[in-house]
Amino acid sequence: MPKDEYQSRAFNIVGTRPIRPDGIDKVTGKARYGADMTAPGMLWGAILRSPHAHARIKSIDTSEAEAMKGVKAVITRADFPKLDLDPGMADILDNSMAGEKALYDGHAVAAVAASSKSLAYAALDAIKVEYEVLPHVVDVDLAMKPDAPVIHAARQDETVPEGLSENVTSRSQYGHGDPEEGFKKADLVIERHFTTAATHQGYIEPNACLAQMGADGQGDLFVCTQGHYMVRDTCAEILGLEAGKLRVTASEIGGGFGGKTHIWMEPVALMLSMKSGKPVKLVLTRDEVFRATGPTSSSSTDIKIGMTKDGKITAATGTFRLQSGAYPGATAFLSAMCGFAPYDLEHVRTEGLEVMTNRPKAAAYRAPGSPMAAYAVESVIDELCQKLDLDPLETRLKNAAREGTKSAYGPTYPAIGLEATLKAAQEHPHWTAPLGENQGRGVACGFWFNFGGNTSVNLMVNPDGTVSLSEGNPDIGGSRASMSMMAAEELGIPLDQVRCVISDTGSLGLNDVTDGSRVTFAVGLATIKAARHAIEIMKTRAAMKWGIEPEAVDWVDGAAVPAGPNAGKFPPMSIKEIAAIAANTGGPIAGHCEANAEGAGVSFATHMVDTEVDPETGAVKVLRYTVFQDAGKAIHPDYVEGQFQGGAAQGIGWALNEEYIHDEDGRLLNAGFLDYRIPVASDLPMIEPVILEIPNPGHPYGVRGVGETSIVPPLAAIANSVSRGAGVRLTSLPMSPPKIRAAVKAG
Amino acid sequence: MIFSSPETIEEAAALLAADAEARPLAGGTDLLVRLRARQIAPSAIVDLKRIPELREITEESGGWRIGAAVPSAQMNEHAALKSAWPGVCEGADLIGSTQIQGRCTVAGNLCNAGPAADSVPCLVAAGAVARIAGPTGTRDLPVEDIPTGPGKTALKPGEFVASILLPAPAARQGSAYLRFTPRTEMDIAVAGVGIALSLDGAGKIETARIALGAVGPKVIVADEAAQTLIGTTGDDAALDALSQDASAAATPISDKRGTAEFRREVIGVLAKRAAKIALTRAKGDTA
């Protein structure tokens with residue numbers, strides 16, 4: 001068996017809960033986030049944004065702003081180089097700075113750099129933009145109609161059927177079997193329409209960066225992002241720079257959840273710096289974060305499922321329409337892949353439709369596309385269970401995908417953990433706890449693929465035998481802790497002998513964005529391989545010292561030892577002893593790994609929630625919440641539990657109160673945390689995490705990604721709970737109090 | 001922008017009277033937010049927090065005078081005030097968050113003239129009176145007459161609210177404030193009800209005052225709803241009537257925080273529930 005595949009073993013460090021290495025810096029304010037960096041001679045950047053949802057930009061007069069004392073640069077789209085970019089790159093540039101049209105309320109149209117923040121804002125006020133306001137559309141269903149205002153013409157691909165607006169840019173289809181035949185075998189078929197609102201990732205740290213472009217064409221960018229290599233490559237391409245000339249350093253990151261896997265304003269900061277010749281700091285306000293970054297798609301979905309009296313699903317179909325904001329996007333295809341992924345279905349067909357609207361460009365948000373799909377599918381399964389008087393967990397078990405199942409999106413599953421989560425849910429005391437008046441219990445399952453991807457890790461053995469570990473993925477979910485743990489485990493040394501840092505783009509090979517729940521899996525895999533590489537070198541050094549063949553040396557408990565009696569009799573040589581003689585045995589010792597990691601294991605979860613509905617006001621109280629999820633192997637269980645709880649918490653917000661509210665002119669009315677209601681601590685119960693460990697065959701320790709699956713089931717679990725508690729099926733998110741009150745009244 | 005920190009009421013009044021664009025600053029939890037959002041650009045800010053008497057809660061004729069710069073956290077740590085006017089204190093305890101409550105003041109909440117101000121309905125129900133300082137001296141005005149519409153007050157140029165007097169509580173009195181928000185905290189009332197009532201020796205409601213928040217352009221004094229309660233024991237029939245009267249008194253609009261229909265319904269539900277709490281308190285039970 002190749003050594004990078006899963007091998008069952010006992011662990012010393014993996015699976016324990018050491019104190020996080022980044023904790024003290026964060027609680028004492030020492031950690032440097034995006035807005036915490038300054039540079040000599042630094043200017044403040046600010047962005048002028050469109051007040052219209054859709055408008056042609058007739059003219060921009062920047063002369064007055066440029067004449068202001070202390071204003072060092074004013075830029076519009078005309079300042080960016082006219083390059084032959086591919087459509088995706090051209091869209092990123094256009095989203096960073098509008099070209100002919102402003103496509104949503106908040107779209108950047110000009111920017112300034114000035115010697116103070118207040119001066120920068122005053123300069124924005126001095127810029128005169130003449131707009132021709134165009135008809136707009138923000139609703140996904142309206143945007144699909146043939147007569148809808150078209151955001152971009154000629155961006156539709158050949159998959160889109162005739163008769164739809166040009167806003168529908170792509171259609172994807174998945175499935176197998178013949179659903180019409182399958183529905184005939186059902187005792188009950190339910191077909192329902194569902195909608196979900198756009199939700200923002202709600203990260204606490206607003207996007208921020210500090211850009212410095214030199215006269216020599218070399219540049220540095222310090223930025224809050226989930227992927228600084230992506231920022232480097234994209235900005236270089238848009239600005240016509242060579243990637244190697246631009247060094248990007250990731251700041252500490254105050255949340256991202258997928259929202260910081262994109263480019264928002266970094267090219268603007270670089271261009272301001274280029275034009276002014278000074279470092280430029282650009283920090284978005286919360287208002288700007290809401291109006292111009294993220295959010296995830298709103299959706300409109302039709303689901304039809306047939307079931308026999310004893311709970312076997314005979315066929316299922318789904319149509320998922322997701323708005324992608326002002327540019328062609330792609331997460332409806334993920335909805336179409338994920339919705340039925342938990343089930344073993346003979347007949348299943350899905351389609352996904354990507355739809356442009358006059359909203360900010362839709363961004364990834366934790367398992368993009370999957371939560372809204374699970375919401376619709378799991379709601380219909382719950383209603384079937386209610387109407388057929390079936391147990392919702394038992395019914396899901398009866399239909400559960402397992403090893404060997406052909407998934408709804410094509411591939412056949414290896415060992416997976418869905419059944420384990422359902423059985424754990426059945427056995428948990430939560431499942432049989434009594435419920436009171438107006439209370440309901442909901443369950444739902446969820447799926448996410450998880451990802452591997454390009455990864456580079458360096459592991460340096462220092463002269464004193466301590467270990468410096470470099471990874472290139474911003475630490476958003478505890479990766480410095482878990483990488484250090486895996487390195488120490490593999491090397492057989494105490495955890496405090498390893499320090500992990502996040503390297504800049506000039507110091508380490510390519511690393512894909514921190515997304516797809518990939519880091520603990522892929523960077524972990526690379527860390528283990530880098531440690532094994534270093535061990536091989538250290539064995540060679542010991543062999544040299546002992547005058548034996550390297551093959552005759554083993555590595556045990558952090559030291560080189562002779563492989564057996566024939567190898568000779570030498571006392572173990574520790575990592576510190578080997579490091580101390582490195583200069584005389586061949587020089588510095590470092591292991592490294594560069595790989596495009598494959599073998600990320602899919603992950604499933606089952607969520608269980610109790611809610612109580614106040615029938616007089618429509619208010620919902622979340623009483624109890626339990627998450628059952630397969631982690632493959634939990635490296636640092638605190639962080640895994642935090643991911644489970646965080647996904648559930650964000651899902652609760654999405655289910656109950658979060659939504660973008662637009663006025664009739666398409667302007668966003670709730671661009672702040674006061675009226676965009678993410679849950680606060682007192683809105684949430686203690687969310688109990690139950691970790692299941694079904695090893696991923698593709699990782700040496702069995703790790704699966706855990707960060708995204710946890711947001712997939714909550715929308716449906718809460719909808720099922722509230723629908724049972726209120727005695728009426730709810731089919732539209734958020735289930736805000738006015739909506740629930742109206743549904744209760746309508747009976 | 002000129003920032004000044006006068007130490008007397010007279011000095012503050014003179015500074016405010018001298019500059020029509022000047023703004024008084026107490027807790028700053030509305031003013032500074034607007035300043036940072038570039039919604040306002042005052043030429044001068046007059047900080048009231050260095051004026052000693054504005055930082056105090058003092059007993060006056062059996063009631064309590066609350067200085068304009070007293071943060072709501074201080075009110076909620078004042079045992080006697082809390083015991084006399086629990087409804088007023090719980091309204092003050094709902095403004096913003098714990099951190100905000102270390103700065104925000106009920107006088108500021110009143111003068112901000114937001115229709116949804118949490119501390120205002122119960123101040124009105126309590127019959128509180130604002131003392132207004134200005135260039136020509138002081139005058140008193142019932143708190144319900146301070147806001148005249150969203151963001152607008154009856155204050156004249158150079159005037160500011162220096163303190164608010166809560167009267168001596170009646171015997172067998174109870175007060176309460178209840179609001180509805182989609183979130184449990186850190187939210188703005190979609191509807192809010194303040195109530196103060198007292199019982200006679202026989203356990204019947206002798207006096208009652210009810211004020212409704214967030215269901216009109218300014219706080220609404222719901223006299224008819226209050227009259228419904230008087231003479232009853234606060235039984236279910238009386239509470240149902242109160243609920244209907246409160247809904248009828250509301251003049252809500254539909255906006256991003258809720259529809260008019262929803263607000264009208266919920267204000268009735270809150271009136272009933274707040275009255276129950278106030279009754280329990282009037283009877284001396286714990287609630």
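Sequence lines set the chain letters: A, B, ... in the order given, protein chains first and strands last, and positions in each chain run from 1.
- Interface remark: A:Y121 contributes backbone and side-chain atoms alike to the contact with chain B (heavy atom separation under 4.5 Å).
- If you measure heavy-atom distances from B:R38 to chain A, the contacts under 4.5 Å come from the side chain alone.
- Of all residues in residues 220-229 of chain B, none places a non-hydrogen atom less than 4.5 angstrom from a non-hydrogen atom of chain A.
- Here the straight-line distance linking atom CG of A:N670 with atom CG of B:D255 works out to 11.0 Å at 0.5 Å rounding.
- Residues A:L674 and B:R257 have side chains in contact (heavy-atom distance under 4.5 Å, counting atoms from C-beta outward).
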Stepwise side chain to side chain contact (heavy atoms under 4.5 Å, CB included) check, A:K745 with B:E265: CA-CA 11 Å; A:K745 266 207 305 192; B:E265 272 191 334; 2.7 Å; yes
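- When heavy atoms are compared at a cutoff of 4.5 Å, B:E185 approaches chain A by way of both its backbone and its side chain.
- Annotation for B:F180 and A:A619: closest pair CE1-CB, 3.6 Å, computed over non-hydrogen atoms.
- At least one side-chain heavy atom of A:E616 sits less than 4.5 Å from a side-chain heavy atom of B:K272.
- Listed options B:I188, B:T181, B:L270, B:T259 were ranked by heavy-atom pairs under 4.5 angstrom with chain A; first place goes to B:I188.
- Between B:K256 and A:D663 there is no salt bridge, since none of the side-chain N atoms of the basic residue sits less than 4.0 Å from a carboxylate O of the acidic one.
- Using a distance-only test at 3.5 Å, with no hydrogens or angles considered, a donor-acceptor pair links the side chain of B:R183 to the main chain of A:I678.
- Around NZ of A:K117, the count of heavy atoms belonging to other residues, nucleotides or ligands within 6.0 Å does not exceed 12.
- Counting heavy-atom pairs under 4.5 Å between each of A:S682, A:S736, A:S118, A:A681 and chain B puts A:S682 at the top.
- Among A:N657, A:L656, A:L669, A:D675, the residue making the largest number of heavy-atom pairs under 4.5 Å with chain B is A:D675.
- The environment of A:E437 atom CD is sparse: at most 12 non-hydrogen atoms of other residues, nucleotides or ligands sit within 6.0 angstrom.
- Heavy-atom distances place both the backbone and the side chain of A:T617 under 4.5 Å from chain B.
- Salt bridge annotation for B:R273-A:D614: present, with a cationic side-chain nitrogen under 4.0 angstrom from a carboxylate oxygen.
- A 6.0 Å sphere centred on NZ of A:K621 holds no more than 12 heavy atoms belonging to other residues, nucleotides or ligands.
- Counting non-hydrogen atoms of neighbouring residues, nucleotides and ligands closer than 6.0 angstrom, the CZ atom of B:R209 exceeds 12 such neighbours.
- Only the side chain of A:R741 comes within contact range of chain B, with heavy atoms under 4.5 Å apart.
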